[in-house]
Amino acid sequence: MAKPNPANSSVITPAPIQVKTKTYEETLPNGLKVIIREDHRAPVAMTQIWYKVGSTDETGDELGLSHALEHMMFKGTSKVPGEELSRISGKFGGSTNAFTSSNYTGYYQLYPAQYVPLALELEADRMQNLQLRQQDFEPEMRVIMEERRQRTDDNPKALAYEKFRWMAYPTSPLRQPTIGHMKNLEGLKLDSLKRWYQKWYTPNNATLIIVGDVDPKKTMYDVRRYFGDMPRRPTPVRSDVSEFQHIGERQMDVTVPVQIPALYLAWNVDSLQTADNPDKAYALALLQSVLDGGLSARFESRLIREQRILASVSCNYDLFSRGSSLFTITAIPEQGVTLEQARTAILAEVEKLKTDPITPAELERVKTSYLAELVYSQDSIAGQAQLIGILESADLSYKIIDTLPQKLNQLSVPYMQQIAQQYLVRDNLSTMYLRTPDSKTVAKAQNPVQPIPQQAPSATASATTTDPVSSTNAGSNP
């Protein structure tokens, strides 16, 4: 697809916000990629190690393997047995934890900067010397099952949203819950975790990220000292996580024991990794901000404050997803407004993205706001490391961040409208109506397309909603 014409009147002068950092990068002979970013504002440093493995790499009968292994990584090695890792961390003023997602598993340690060598030694030790014992495995699986119950099974919205992802990703393993289903957890065996550990936990499948008050030259000496002699091993070919597009509109009607109904919409779209032209993904990111980028965004100003149709609404798009992504909208209607009416109003605003011009002032505000949010997200060393890890785990370079302002400023209004016309269509759309037990019959009896009358202002809060708690990003707390 042709690049937008720089002479187009909708192209805005580049925003002054820039993201520039001092970063060192090296790959060891065994394949371990090391990224070190200096941040000398405080005498602390964070180490994170990201393995390119998650729930998308699992088979249907062994869902939850990656997350279960994450828990077991805190159960000790021959050198640091049992709970010693957590004890050592606390003794030296540090903290440690982990996270699992669809496409990666990560472990982090935060210490005073002088103890970075200690963090590296502990991390290298459990990369190759983990002890997986039955006496640790059985009680830890009970902990994970309880986590599943609390986060999902006993949370009606989370359970419904888990079903929604299966509908929104009909062919991609991105639909699989990271924590697994209860029947998977009940059937997992320790031997499966041992096999998973041997398959994926190798330096050539990992990225080591260090951010903080460190000297790259001295830090690389310690990295080579603890990781350099590890052998590399072949890893399996990862699953294809791309989703078909234009596969037909899908709808789901769910009644759950909740007090407030909710509406979920999701379009199957490309991410930066899958788009044949990166500008398509950047345009989707800006379109998301046009709809839901603060108090001046269209959803907030039109559907919440002016028309009083929605009590709250949130629009999300994962630009940096590995594989396909979703352009999602979550909304709670105002009292007296049905889910069907809320959907009609939302889709009308989405259609306006394709026909109504975005003014130069609106586009400049959206671009500036998007970049500002990106900058603020990297204010902490944890935020910097997290963004680097997400990009690298999706086979995208962290250097993308430095070019993002230029990329966004190349986009014109006609091009963004073209992308909305390509992706935000019914053939890509999944809808879930989440109804309360007493609303299903009433909602069906009303006309879903009748116009919404203007209502008097109400006192309903307009706080932004988020997706319900799910196991998409589960963490351990050893």
Side-chain angles (χ1 to χ4, degrees), residues 33 48-73 98-107 144 147-148 151-152 158 161-185 187-188 192-193 195-202 204-207 234-245 247 266-275 281 316-328 386-387 389-396 430 467 470-476:
K33 188 170 187 177
Q48 294 188 0
I49 191 157
W50 294 61
Y51 295 94
K52 293 181 179 180
V53 61
S55 59
T56 57
D57 302 291
E58 300 164 0
T59 60
D61 59 341
E62 288 190 324
L63 294 184
L65 267 176
S66 300
H67 178 240
L69 181 56
E70 175 221 304
H71 276 245
M72 293 297 293
M73 283 284 282
F99 46 87
T100 307
S101 189
S102 299
N103 293 308
Y104 51 76
T105 307
Y107 303 85
I144 296 172
E147 182 180 336
R148 164 80 201 188
R151 291 190 176 196
T152 307
Y161 187 73
E162 187 175 87
K163 298 175 182 178
F164 179 61
R165 285 184 65 86
W166 276 90
M167 178 176 64
Y169 282 122
T171 65
S172 170
L174 285 168
R175 66 185 181 273
Q176 299 176 167
T178 300
I179 199 170
H181 299 290
M182 191 63 76
K183 68 175 183 179
N184 301 126
L185 302 181
L188 281 185
S192 297
L193 265 69
R195 170 177 50 82
W196 207 245
Y197 178 68
Q198 290 298 319
K199 273 187 176 182
W200 298 104
Y201 280 55
T202 175
N204 50 295
N205 194 47
T207 302
T235 56
V237 176
R238 301 196 71 183
S239 301
D240 179 9
V241 291
S242 299
E243 180 60 79
F244 293 115
Q245 292 183 18
I247 56 179
W267 286 265
N268 295 107
V269 297
D270 282 313
S271 66
L272 188 58
Q273 191 212 44
T274 63
N316 294 281
Y317 167 63
D318 187 356
L319 173 66
F320 304 131
S321 173
R322 172 183 171 256
S324 300
S325 189
L326 293 176
F327 192 99
T328 63
Q386 192 79 8
L387 184 56
I390 288 172
L391 287 165
E392 294 291 330
S393 297
D395 297 321
L396 299 168
S430 296
D467 292 334
S470 70
S471 56
T472 303
N473 191 21
S476 300

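Predicted model, so just to flag it, every value in this text is computed and none were measured. Throughout, residue positions are numbered sequentially from 1 according to the sequence presented. Computed over heavy atoms, backbone and side chain alike; hydrogens, waters and symmetry mates excluded.
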Q) When rounded to the nearest 0.5 angstrom, what is the spacing between CD in E162 and OG1 in T178? A) 9.5 Å

Q: Ignoring hydrogens and angles, tell me if any N or O in the side chain of Q176 forms a donor-acceptor pair with the backbone of G60 under 3.5 Å.
A: no

Q. Does any non-hydrogen side-chain atom of V53 lie less than 4.5 Å from one of W196?
A. yes

Q) For L174, does its backbone N or O pair with a side-chain atom of R165 as donor and acceptor, under 3.5 Å? A) yes

Q) Within the distance-only criterion (no hydrogens, no angle test), does the side chain of S325 pair as donor or acceptor with the backbone N or O of S321 below 3.5 angstrom? A) no

Q.
For the CG atom of N184 and the CG atom of L188, what is their distance to the nearest 0.5 Å?
A. 6.5 Å

**Q.** N/O donor-acceptor pair under 3.5 Å between T56 side chain and S102 backbone
**A.** yes

**Q.** N316 side-chain N/O to T328 backbone N/O, donor-acceptor pair under 3.5 Å
**A.** no

Q) Okay, side chain of N268, backbone of A168: is any donor-acceptor separation there less than 3.5 Å? A) yes

Q: List the steps, then state whether side chain to side chain contact (heavy atoms under 4.5 Å, CB included) holds for S324 with S242.
A: CA-CA 5 Å; S324 300; S242 299; 4.0 Å; yes

Q: Just say parallel, tilted or perpendicular for the rings of Y161 and F164, cut-offs at 30° and 60°.
A: tilted

Q. So, Q273 side chain and A394 main chain: donor-acceptor pair closer than 3.5 Å or not?
A. yes

Q: Give the C-alpha distance, both sets of side-chain angles, the deciding distance and a yes or no for salt bridge (charged side-chain N to carboxylate O under 4.0 Å, His left out) between K52 and D395.
A: CA-CA 9 Å; K52 293 181 179 180; D395 297 321; 2.8 Å; yes

(Q) For a side chain to side chain donor-acceptor pair (under 3.5 Å) check, start with the C-alpha distance between W50 and Q48, then their side-chain angles and the critical distance, and finish with the verdict. (A) CA-CA 6 Å; W50 294 61; Q48 294 188 0; 2.9 Å; yes

Q) What distance do L326 atom CG and Y317 atom OH have between them, rounded to the nearest 0.5 Å? A) 10.5 Å

Q. Do T171 and E243 have side-chain atoms, one donor and one acceptor, less than 3.5 Å apart?
A. yes

**Q.** Between S66 and E58, a side-chain donor and acceptor under 3.5 Å
**A.** yes

Q) Measuring from M73:CE to T105:OG1, what's the distance to the nearest 0.5 Å? A) 9.5 Å

(Q) Please determine whether a side-chain nitrogen of the Lys or Arg among K199 and D57 lies less than 4.0 Å from a carboxylate oxygen of the Asp or Glu. (A) no

Q. Can you tell me if R238 uses its side chain to pair, donor with acceptor, with the backbone of N103 under 3.5 Å?
A. yes

Q) Which word best sums up how the rings of Y51 and Y107 line up, parallel for under 30°, tilted for 30 to 60°, or perpendicular for over 60°? A) perpendicular

Q | T235 side, atom OG1; N205 side, atom CG - distance, nearest 0.5 Å | A | 5.0 Å

Q: For the residue pair P236 and W200, establish whether any side-chain heavy-atom pair is separated by less than 4.5 Å.
A: yes

Q: Indicate yes or no for a side-chain donor-acceptor contact from R151 to the backbone of R148 under 3.5 Å, with no hydrogens or angles considered.
A: no

Q.
Are E147 and H67 packed together at the side-chain level, in the sense that at least one heavy-atom pair is separated by less than 4.5 angstrom?
A. yes

Q. For the atom pair OH (Y104) and CZ (F99), what is the distance rounded to the nearest 0.5 Å?
A. 6.5 Å

Q) Got H181 and L63 here, is their nearest side-chain heavy-atom distance under 4.5 Å? A) yes

Q) How far apart are the C-alpha atoms of I144 and I179, what are their side-chain angles, what is the distance that settles it, and do they pass the side chain to side chain contact (heavy atoms under 4.5 Å, CB included) test? A) CA-CA 8 Å; I144 296 172; I179 199 170; 4.1 Å; yes

Q.
Under a 4.0 Å threshold between the charged nitrogen and the carboxylate oxygen, would E62 count as salt-bridged to R195?
A. yes

Q.
Does L65 form a side chain to side chain contact (heavy atoms under 4.5 Å, CB included) with L69? I'd like the steps, not just the answer.
A. CA-CA 6 Å; L65 267 176; L69 181 56; over 6 Å; no

Q) Can you check whether S271's main-chain N or O pairs, donor with acceptor, with T274's side chain at less than 3.5 Å? A) yes

